[in-house]
Protein chains: 4
Amino acid sequence: MIRSDAARNRAKVLAAAETVLGEQGLTARMDEIARRAGVGVGTVYRHFATKEALYAAIVSARVDLLLDEAARLRVAAEPQTGFFRFFAQVVADAARKKTLTDALHSAGIDVKAEQAGQRAQMREALADLLRDAQRVGAVRPDVDLPEILALLRGASMAAETGDYASPVIDRTLAVLFDGLRPHALHAPPPSA
Amino acid sequence: MIRSDAARNRAKVLAAAETVLGEQGLTARMDEIARRAGVGVGTVYRHFATKEALYAAIVSARVDLLLDEAARLRVAAEPQTGFFRFFAQVVADAARKKTLTDALHSAGIDVKAEQAGQRAQMREALADLLRDAQRVGAVRPDVDLPEILALLRGASMAAETGDYASPVIDRTLAVLFDGLRPHALHAPPPSA
Amino acid sequence: MIRSDAARNRAKVLAAAETVLGEQGLTARMDEIARRAGVGVGTVYRHFATKEALYAAIVSARVDLLLDEAARLRVAAEPQTGFFRFFAQVVADAARKKTLTDALHSAGIDVKAEQAGQRAQMREALADLLRDAQRVGAVRPDVDLPEILALLRGASMAAETGDYASPVIDRTLAVLFDGLRPHALHAPPPSA
Amino acid sequence: MIRSDAARNRAKVLAAAETVLGEQGLTARMDEIARRAGVGVGTVYRHFATKEALYAAIVSARVDLLLDEAARLRVAAEPQTGFFRFFAQVVADAARKKTLTDALHSAGIDVKAEQAGQRAQMREALADLLRDAQRVGAVRPDVDLPEILALLRGASMAAETGDYASPVIDRTLAVLFDGLRPHALHAPPPSA
DNA sequence: TATGAATGAGTCTTCATTCAT
DNA sequence: TATGAATGAAGACTCATTCAT
């Protein structure tokens, strides 16, 4: 077996792991992942030194995809919509993949160097899209990155762990986005 | 400490479990919980037949507290504020206790009868507060319970698993609440 | 509570233990025995220092009863029938009580002093009955105590652990007893 | 020792378990069995999912051997002796292996499908040998399978749990066999 | 390089026994 | 003296990881 076979195996394992983790959560066994990938456990370990590394790789791959998407949107989309489309994208991805992004965190798995880098990149990408949107008045000027991150994490986690129908997610995001838009009167409701 | 202190022991175990689970997540060991409670493992098992049952009891107790709070607010608070105050309360509780409410779900722990009942009660309490708030125009009329639940879950999970400073949580909720309030310029404006 | 109450409790525990052991075997729990006796575990331990001691007491009581019966038969019954009636009695008792006499042995429970004494008494009683029967020609003269003990143990254990209908036990004993009776031709069967 | 030696490991475990169970009874620990087999506990569990399954496998293997022997005797031995030789064989095996056949039963371990099948085969094999022996007049015609089974079980259990010298077992079986042979003076003589 | 059998530390859970009330 | 809550050692079983083939 030559290099390309090895790469193919790596991909199979990654895909199987993503599926199995989505189904069974963090407790999924390495044997099961190997079985689904159609390889032996040994092969899983050849590509990912530990279970934790396998998880990290999955998350990392996903984040890379999202970062690409963010870069693409910044160029291709209007500043008014880029931010919102990216936000929705992340949530949709969470709902689809159910990769337990934060379960990793809650399970006490340490964020390693690479992840820290990605985390920073993600913040930056989001900050860029947010700044663009605020510049053109699509997002109220008084919100800052921390709130955005909290909202994005919350929405993603809910989508990931819940079992919401697509329209519910849409309506939920609609509310969220409305909260982010600028309008005349905030704190005190109209008729109060 | 015997006989009449059995109840005290149960409480000690419950408290220790809440703490330990908050710190170490679902993987916390029963021995550790026992040690922190200052009792033997056997005592933990005398009160909670199973690790799962212990988790369930923690969640159950917390939900009961929240349900009480909901009932109290419905009577004591203005319809304009009751809903929002309850929402904030739940999130604050999640941030403080970190009891992994949803981690239970993601770990595949089945929701038992009692929990199903509580779940229904929680929906009802929230529906009541929401209806009150919508009646007096404090919440836009076009949002429904499913979205509310999704937003509440998302916000709670973020607060639970994240490490946000109090002001960040406040600002995040402010955005969320703004999204829930009625104002002139919503996606499809009323008169359009 | 005065002495007689204590005695009553001891009897209740003994009876309950006999029942529970018959139903659940050696693995029966002390709590269950206490529950059936209508007392607390502590009371069981007041009368029997260990689980083993409780077992020993049950066996001991039974053996005492059998020894009484042996003595009675030696006086009241004909020498021809005394031995056989006693043998049948022991087996019937085993079938009825299912007290796991030998399971104790197989579980590695040591035979203590008292038991050793009873064992000796049982051997002696059986030897007496056997001698009487052999003297009057009811039992073939070439069998000795060891074989008798082996046969008795085997028959008792089968009765104890099996689920034989009464007629099966009768027919089984009939065969056994025929083997013990003297007749003209032994080893080589008639038509051989 | 891998891959092709997996079968060898299974055999080692089986052998060790037979020994250890013979020595320590049902309470023997899985760790001890593993240690004696020279493998890790995990290996024991790889081959036998459960302690119970391990017991079942031991018993099953032994019964298979006995069934082979029964088949062999039916062909190779005279009808007069086949039945008796098989009976003696079973008892000797019990005395040698001390595998606690019936202790399993008394421990409340359920007889599974496979075992039920073997049980039926054993009955059949015994019935065949008995019928042969009765046809040629080597066994009295008025005994039936249930009695035979009870006698065989009793003798095996006594041999298994007791500590009888070989001559005692021989003399015990001699008595038993005499009881099974036809002779003039049985309880109700034919012509009475 | 791939395989999967082997390993054994780690964990939940049970239950005989103790002891404060 | 009776009670039953508390104890914690013991044991069955799991599963991430290793390594001989």
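In what follows, chains are A, B, ... by sequence order, proteins preceding strands, each numbered from 1.
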Closest-nucleotide ordering on DNA chain E, the 5'-leading residue of D:Val44 and C:Tyr45: D:Val44
Would you mind telling me which residue lines up with the more 5' stretch of DNA chain E, A:His47 or C:Lys51, judged by nearest nucleotide? A:His47
With sequence neighbours left out, what residues match [X] under side-chain contact (heavy atoms from CB on, under 4.5 Å)?
X	value
C:Asp31	C:Arg29, C:Val41
B:Arg10	B:Leu14, B:His47, B:Phe48
C:Arg96	C:Ala92, C:Asp93
D:Ser156	D:Val90, D:Val91, D:Ala94, D:Leu152

The side chain of [X] is closest to which nucleotide in this list: [options]?
X	options	result
A:Met30	E:dT11, F:dT17, E:dT13	F:dT17
C:Asn9	E:dC12, F:dA2, E:dT18	F:dA2
D:Arg46	F:dA16, E:dA5, E:dT13	E:dA5

Mind calculating the distance between [atom1] ([X]) and [atom2] ([N]) to the nearest angstrom?
X	N	atom1	atom2	value
A:Phe48	F:dT17	CZ	P	14 Å
A:Arg8	E:dA2	CZ	C1'	15 Å
A:Asp31	E:dA5	CG	P	10 Å

Interface residues of residues 33-43 of chain C with DNA chain F (non-hydrogen, below 4.0 angstrom): C:Val39, C:Gly40, C:Val41, C:Gly42, C:Thr43
Can you tell me how far apart OG1 (A:Thr19) and CD1 (A:Ile58) are? Round to the nearest 0.5 Å. 9.0 Å
Spacing of B:Lys12 atom NZ and B:Thr43 atom OG1 [to the nearest 0.5 Å]: 9.0 Å
How would you list, by chain and number, every residue that makes a side chain to side chain donor-acceptor pair (under 3.5 Å) with A:Ser60, sequence neighbours excluded? A:Glu114, A:Gln118
Partners passing side chain to side chain donor-acceptor pair (under 3.5 Å) against C:Glu32 (at least two apart in sequence or in another chain): C:Arg35, C:Arg36
Taking only N and O in the side chain of B:Thr50, is any of them less than 4.0 Å away from OP1 or OP2 of E:dC12? no
Stems involving DNA chain E: give each as a range paired with a range, ordered by first number, where a stem means at least three consecutive Watson-Crick or G-U wobble pairs under 3.5 Å. E:2-21 with F:2-21
Side-chain donor/acceptor of C:Tyr55 to backbone N/O of C:Leu26, under 3.5 Å: yes
